[in-house]
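Contents: one structure, followed by commentary.
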Amino acid sequence: MSGFQAPKGTHDVLPPESARFASCVASFAGIVERAGYGLVVSPMFEDAAVFRRGAGESSDVARKEMYEFEDKGGDLLALRPEGTASVVRAYVQHRPLLPFKTWYVTPQFRYEQPQAGRYRQHHQLGVEVLGIEDPDVDVEVIALLVGYLSSLGLAQLELAVNSMGDRNCRPAYLESLTHFLATHESELCDEHRPGEGRPGWQLNPLRFFDCKRPECLALRPLAPRLGDWLCDACKAHHARVTEGLDALGIGWHQDDALVRGFDYYTRTTFEVASPALGTAQNALGGGGRYDGLVETLGGPPTPGVGFGSGIERVLLACDAEAVLPPPQRSVEVFVVDLVGGDAARLLTHELRAAGVPADRAFGGRSMKAQLKLADRSGALVALIVGPEERAAGVVTVRPLRAVAGEDGQRDRQQQVPRQLVVEHTRVLVGQLRAAA
Ligand code: AMP
């Protein structure tokens, strides 16, 4: 019988790749915490209606991709397919003081057709700001996304920006789009052409712009542009956002088709793509404003804006640009134990307590086998505790990596009194690190 495999569309993140994953989280956390955002941790599953109403019934997420299930108590729950609805639900429930500036790191679940950069479980880092209508906060969140991606070393970033209008100007635009789609119905792709029990584009005309099939793409340039229908307030908001990006030196381009899959967006939408990925799945992160969502989920009228960025996708972009290499080593010292008993146990414990990253061998293996492990651990120094060392009250300190300009590593091996060896090693490791 062959062993179990991770479910289709999911993957394990093992070392050293997991260290790159952790670097993304650490870099993101540092950047957003320094901008006044606090971590929110909410359940991985919610009442399915939170996500259905949140993402919108016409979204692919709600229609086709949710992992929905009835629990043993008969409640209809869903695994989190996107981050925003959860944060908004938590806000409505707890009503923290506004503005509510939050960030999250979370797995997300979507029943999609797996392909390069598209998984059934992926992880997102994101921010949400509730309670601020000022377009400057749209600029702030976009700058945080771009700043985070740049901090990883990514240089090939393309920022697309659009405005989705609001409840004042969008209805008239939708009428015009509806007329256009009705007129061109026969030219639409299979999914968007209404048919046997299929509403097609009528489900939500805006979903036409999400469609990547050639028939719909060919029609796109002929469709009415939302930008031409914006009311003065939406135009002013969009202008202030794009001016803000210019003022911060963040390059951007207008993308009239950027409607981003969810039904909740109002005014600003944005997405950062990586041309280095060269695949259809090249979005590294995206988001926008959702001024009606808090109300949809049962709260008072409260503006909101945020984004999500897929960690796996970002790491693929890092591979494509050859940045953020996996770290080379995890510990600095490796304790080789040739005597058993308390010696290695205590020494390793003392090293760790003194802040020196240390690992050790277990099980009384041969010196050769232990030194091999020491080498594989990436440690800079091996501390050898053998019978002679124990008898003399010393420890052998053996540098494992040649330092530029020096040779003969063995010659540099020293015996250090046991009571001084932790401090000696701490200093030595610092010197070796500096010289490396
Ligand atoms: P969305 O929640 O659809 O707005 O997506 C936000 C970001 O999450 C995208 O820009 C991608 O970086 C990432 N993402 C979305 N869906 C997937 C997926 N199925 N697999 C991997 N990453 C994804």
Side-chain angles (χ1 to χ4, degrees), residues 6-13 17 21 24-25 28 50-51 54-56 58-67 78-88 103-128 141-142 144-146 148-149 152 154 156-162 164 206-207 209-212 255 257-265 268-290 293 304-321:
K8 184 174 170 186
T10 71
H11 55 275
D12 303 303
V13 189
E17 184 66 10
F21 192 99
C24 289
V25 179
F28 188 86
V50 169
F51 299 125
S58 87
S59 65
D60 277 1
V61 159
R63 285 192 311 127
K64 308 189 256 186
E65 296 172 358
M66 289 233 283
Y67 280 88
L79 297 185
R80 173 182 297 161
E82 64 96 38
T84 306
S86 304
V87 173
V88 170
W103 69 277
Y104 57 80
V105 51
T106 176
Q108 308 210 339
F109 308 87
R110 298 180 189 175
Y111 190 79
E112 305 205 66
Q113 245 352 84
Q115 49 186 290
R118 183 175 288 286
Y119 312 106
R120 289 187 175 168
Q121 177 178 338
H122 71 281
H123 297 78
Q124 279 192 21
L125 287 158
V127 303
E128 311 292 349
V141 299
I142 296 173
L144 288 173
L145 174 59
V146 172
Y148 154 64
L149 296 171
L152 303 176
L154 291 169
Q156 298 183 41
L157 302 174
E158 284 181 2
L159 169 64
V161 184
N162 193 21
M164 302 280 297
L206 285 171
R207 295 283 78 83
F209 290 109
D210 287 321
C211 187
K212 299 279 162 29
D255 179 353
L258 189 69
V259 299
R260 299 210 72 260
F262 302 114
D263 293 355
Y264 49 59
Y265 287 121
T268 312
T269 52
F270 59 93
E271 195 161 275
V272 176
S274 164
L277 280 179
T279 59
Q281 312 306 326
N282 67 355
L284 302 185
R289 185 164 270 287
Y290 45 85
L293 184 57
V305 59
F307 67 77
S309 169
I311 299 180
E312 291 82 357
R313 200 72 73 71
V314 164
L315 288 176
L316 287 175
C318 289
D319 291 341
E321 286 202 42

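All ligand and atom numbering here is 1-based and tracks the order in the structure.
- In this structure, Phe51 and Pro81 have side chains that are in contact, with non-hydrogen atoms separated by less than 4.5 Å.
- The heavy atom nearest to atom 6 (C) of ligand 1, out of those in Glu271, Gln115, Gln124, is found in Gln124.
- Remark: ligand 1 and Gly308 share no N or O pair separated by less than 3.5 Å (distance only, no angle test).
- Between Tyr119 and ligand 1, at least one pair of N/O atoms sits closer than 3.5 Å.
- Close approach of ligand 1 to Gly310 (heavy-atom distance below 4.0 Å) involves ligand atoms 7 (C), 8 (O), 11 (C), 12 (O), 13 (C).
- For Glu112, the heavy-atom gap to ligand 1 drops under 4.0 angstrom.
- Near Gly117, with a cut-off below 4.0 Å to any heavy atom, the atoms of ligand 1 are 20 (N), 21 (C), 22 (N).
- With a heavy-atom cut-off of 4.0 Å, Arg120 does not touch ligand 1 at all.
- Here Val314 has no heavy atoms under 4.0 Å from ligand 1, in either its backbone or its side chain.
- Using modelled atom types and a 3.5 Å distance limit, the side chains of Arg80 and Ser86 yield a donor-acceptor pair.
- For Arg207 and Asp60, the salt-bridge test fails: no basic side-chain N is under 4.0 Å from an acidic carboxylate O.
- The aromatic ring centroids of Phe21 and His123 lie less than 6.0 Å from each other.
- In the vicinity of Ala283, heavy-atom distances shorter than 4.0 Å reach the ligand 1 atoms 9 (C), 10 (O), 11 (C), 12 (O).
- The aromatic ring centres of Tyr148 and Phe28 sit less than 6.0 Å apart.
- Listed here is the closest heavy atom pair of Ala6 and Asp12: CB-OD2, 4.2 Å.
- Close approach to Arg110 involves these atoms of ligand 1, each under 4.0 Å from a residue heavy atom: 1 (P), 2 (O), 3 (O), 15 (C), 16 (N).
- Distances from ligand 1 to the non-hydrogen atoms of Glu82 include no value under 4.0 Å.
- Geometrically, ligand 1 and Ser309 share no nitrogen or oxygen pair separated by less than 3.5 Å.
- Among all protein heavy atoms, the one lying closest to atom 14 (N) of ligand 1 is His122 NE2, 3.4 Å.
- The two residues Tyr104 and Val127 have their closest heavy-atom pair at CE2-N, 4.2 Å.
- A salt bridge does not link Glu112 to Arg120: none of the charged side-chain nitrogens sits closer than 4.0 Å to a carboxylate oxygen.
- The nearest protein atom to atom 4 (O) of ligand 1, hydrogens excluded, is given as Arg260 NH2, 2.5 Å; this is a heavy-atom distance.
- Ligand 1 has Phe262 within reach: a non-hydrogen atom of the residue lies less than 4.0 Å from it.
- Side-chain N/O atoms of Asn282 and Ser274 include no donor and acceptor closer than 3.5 Å.
- Proximity of Phe307 to Ile142: side-chain heavy atoms (C-beta onward) are nowhere separated by under 4.5 Å.
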